There are 2 protein chains.
Amino acid sequence: MRLLPHPETEDIELTEVLRALSDPVRLEIVVRLALGGEMTCGNAGGELGVHKSTASHHYRTLREAGVVLSKQEGRLVYMSLRRDDLESRFPGLLDSVLAAAERPPVGLP
Amino acid sequence: MRLLPHPETEDIELTEVLRALSDPVRLEIVVRLALGGEMTCGNAGGELGVHKSTASHHYRTLREAGVVLSKQEGRLVYMSLRRDDLESRFPGLLDSVLAAAERPPVGLP
DNA sequence: ACGACAGTTTGATGGGGGTCAAACTTTGGA
DNA sequence: TCCAAAGTTTGACCCCCATCAAACTGTCGT
């Protein structure tokens with residue numbers, strides 16, 4: 001098992017986190033990780049409508065922003081949300097983003 | 001008094017809000033509006049270290065994302081945070097971003 | 001050993017964004 | 001009336017970013 005380079009918790013910057021979450025594809029990945037817990041890149045990024053190299057670029061963006069943690073095991077890369085790290089650094093932020101992202105786009109009539 | 005074009009509350013999109021907040025200059029403007037309430041562009045954007053045309057561009061980005069409301073009175077443009085609109089659409093989001101943005105960059109020793 | 005599989009890396013491309021400078025618009029004051 | 005003040009708009013510049021295609025790196029299974 002091998003950890004990929006990540007920012008330390010105290011080095012996670014708010015604007016970079018917001019920027020990472022501001023892309024629809026990355027936000028979808030984050031929502032899946034929130035619902036499904038740790039999963040491989042393939043599972044987290046499947047059926048996204050983008051090329052796998054594009055998805056890989058998004059994985060890296062999320063990792064470098066400090067949103068996800070990636071560990072390599074064999075030929076698989078497992079990703080998970082850095083919920084505790086984000087919660088300690090920016091309390092409530094991830095939860096509110098997730099609640100907003102999972103909310104249906106239109107309210108009740 | 002004249003209102004500038006804004007998105008309806010139900011048309012505010014999460015990714016656009018996050019993107020608008022992901023720029024340090026715009027985030028600073030939002031923090032000032034949160035602390036000072038409604039103020040003119042000049043007051044909200046003074047001493048930011050960017051040209052006034054650049055600041056104007058940021059005002060528009062914030063307005064079009066649905067983060068701020070701008071109304072023109074004479075030659076002044078008053079901006080205010082759309083706190084209630086954002087709260088109803090994305091509960092807790094703005095508060096957590098503001099709390100994170102106003103937090104000192106380094107924790108206690 | 002060989003091929004399939006999971007991701008990454010490296011161009012290439014097109015579009016958008018942040019910035020400044022300068023011109024413009026509108027308003028308010030002298 | 002004339003000029004200064006507050007923002008906006010336009011143009012230019014540069015860099016970054018999302019995307020795809022193709023080549024590459026390891027690893028697992030047969």
Side-chain angles (χ1 to χ4, degrees), chain A residues 1-6 13-30 32-33 36 38-80, chain B residues 1-6 13-30 32-33 36 38-80:
Chain A
M1 201 273 288
R2 186 176 124 243
L3 235 71
L4 280 62
H6 296 76
E13 292 198 16
L14 176 60
T15 52
E16 292 187 16
V17 170
L18 295 174
R19 207 204 157 286
L21 298 176
S22 72
D23 180 273
V25 172
R26 288 193 292 263
L27 189 57
E28 173 64 25
I29 294 172
V30 168
R32 293 183 187 185
L33 290 174
E38 184 179 71
M39 56 180 73
T40 66
C41 289
N43 288 333
E47 306 292 321
L48 281 180
V50 295
H51 196 278
K52 69 174 180 175
S53 61
T54 302
S56 179
H57 159 67
H58 287 312
Y59 305 148
R60 184 153 74 112
T61 301
L62 288 170
R63 175 168 53 82
E64 291 179 346
V67 176
V68 306
L69 186 137
S70 308
K71 41 186 176 177
Q72 196 165 0
E73 285 189 34
R75 62 178 165 180
L76 298 179
V77 175
Y78 288 88
M79 287 194 311
S80 58
Chain B
M1 201 274 288
R2 186 175 124 245
L3 235 70
L4 279 64
H6 297 76
E13 291 198 16
L14 176 60
T15 52
E16 293 187 16
V17 170
L18 294 174
R19 206 199 160 291
L21 297 176
S22 71
D23 180 273
V25 173
R26 286 192 294 264
L27 189 56
E28 173 63 26
I29 294 172
V30 167
R32 293 184 186 185
L33 290 174
E38 184 180 72
M39 57 181 71
T40 65
C41 289
N43 288 333
E47 308 292 321
L48 281 179
V50 295
H51 196 279
K52 67 174 182 174
S53 60
T54 302
S56 180
H57 161 66
H58 287 312
Y59 305 149
R60 185 152 74 111
T61 301
L62 288 170
R63 175 168 53 80
E64 291 179 345
V67 176
V68 306
L69 186 136
S70 308
K71 41 186 177 178
Q72 196 164 1
E73 285 189 35
R75 61 178 165 180
L76 298 178
V77 174
Y78 287 88
M79 286 195 310
S80 58

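Note that the coordinates shown come from a computational prediction; the quantities given were computed from them, not determined experimentally. We name chains A, B, ... by the order of the sequence lines, and we start the count at 1 in each one. Only heavy atoms go into these numbers, but all of them, side chains included; no hydrogens, no water, no symmetry mates.
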For [X] and [N], give me the distance from atom [atom1] to atom [atom2], rounded to whole Å.
{"X": "E73(B)", "N": "dT26(C)", "atom1": "CD", "atom2": "C1'", "result": "15 Å"}
{"X": "H51(B)", "N": "dA6(D)", "atom1": "NE2", "atom2": "P", "result": "14 Å"}
{"X": "L76(B)", "N": "dA5(D)", "atom1": "CG", "atom2": "C1'", "result": "9 Å"}
{"X": "L62(B)", "N": "dG17(C)", "atom1": "CG", "atom2": "P", "result": "13 Å"}
{"X": "R60(A)", "N": "dT19(D)", "atom1": "CZ", "atom2": "P", "result": "15 Å"}
{"X": "R26(A)", "N": "dA18(D)", "atom1": "CZ", "atom2": "C1'", "result": "8 Å"}
{"X": "H57(A)", "N": "dG11(C)", "atom1": "NE2", "atom2": "P", "result": "16 Å"}
{"X": "R19(B)", "N": "dC16(D)", "atom1": "CZ", "atom2": "C1'", "result": "11 Å"}

Any donor-acceptor pair under 3.5 Å joining the side chain of T54(A) to the base of dA18(D)? no
If you take all heavy atoms of L21(A) and T15(B), which pair is closest and at what distance? O-CG2, 4.4 Å
Within 6.0 Å of CD in E47(A), more than 12 heavy atoms from elsewhere: no
Go nucleotide by nucleotide along DNA chain D from the 5' end; which of R75(A) and V50(A) gets its closest nucleotide reached first? V50(A)
Using the side-chain heavy atoms of K52(A), tell me which of these nucleotides is nearest: dG7(C), dG7(D), dG18(C). dG7(C)
Within the structure shown, what part of the strands sits under 4.0 Å from H58(B) by heavy-atom distance: base, sugar-phosphate, or nothing? sugar-phosphate
So what does T61(A) touch, heavy atoms closer than 4.0 Å: a base, only the sugar-phosphate, or nothing? nothing
Could you measure the distance from the CG atom of L33(B) to the CE atom of M39(B)? Nearest 0.5 Å is fine. 5.5 Å
Side chain to side chain contact (heavy atoms under 4.5 Å, CB included) between H57(A) and H51(A): does it pass, once the steps are laid out? CA-CA 10 Å; H57(A) 159 67; H51(A) 196 278; over 6 Å; no
Phosphate-side-chain proximity, S56(B) and dA6(D), N/O vs OP1/OP2 below 4.0 Å: no
Can you check whether S53(B) has a side-chain N or O nearer than 4.0 Å to OP1 or OP2 of dT9(D)? no
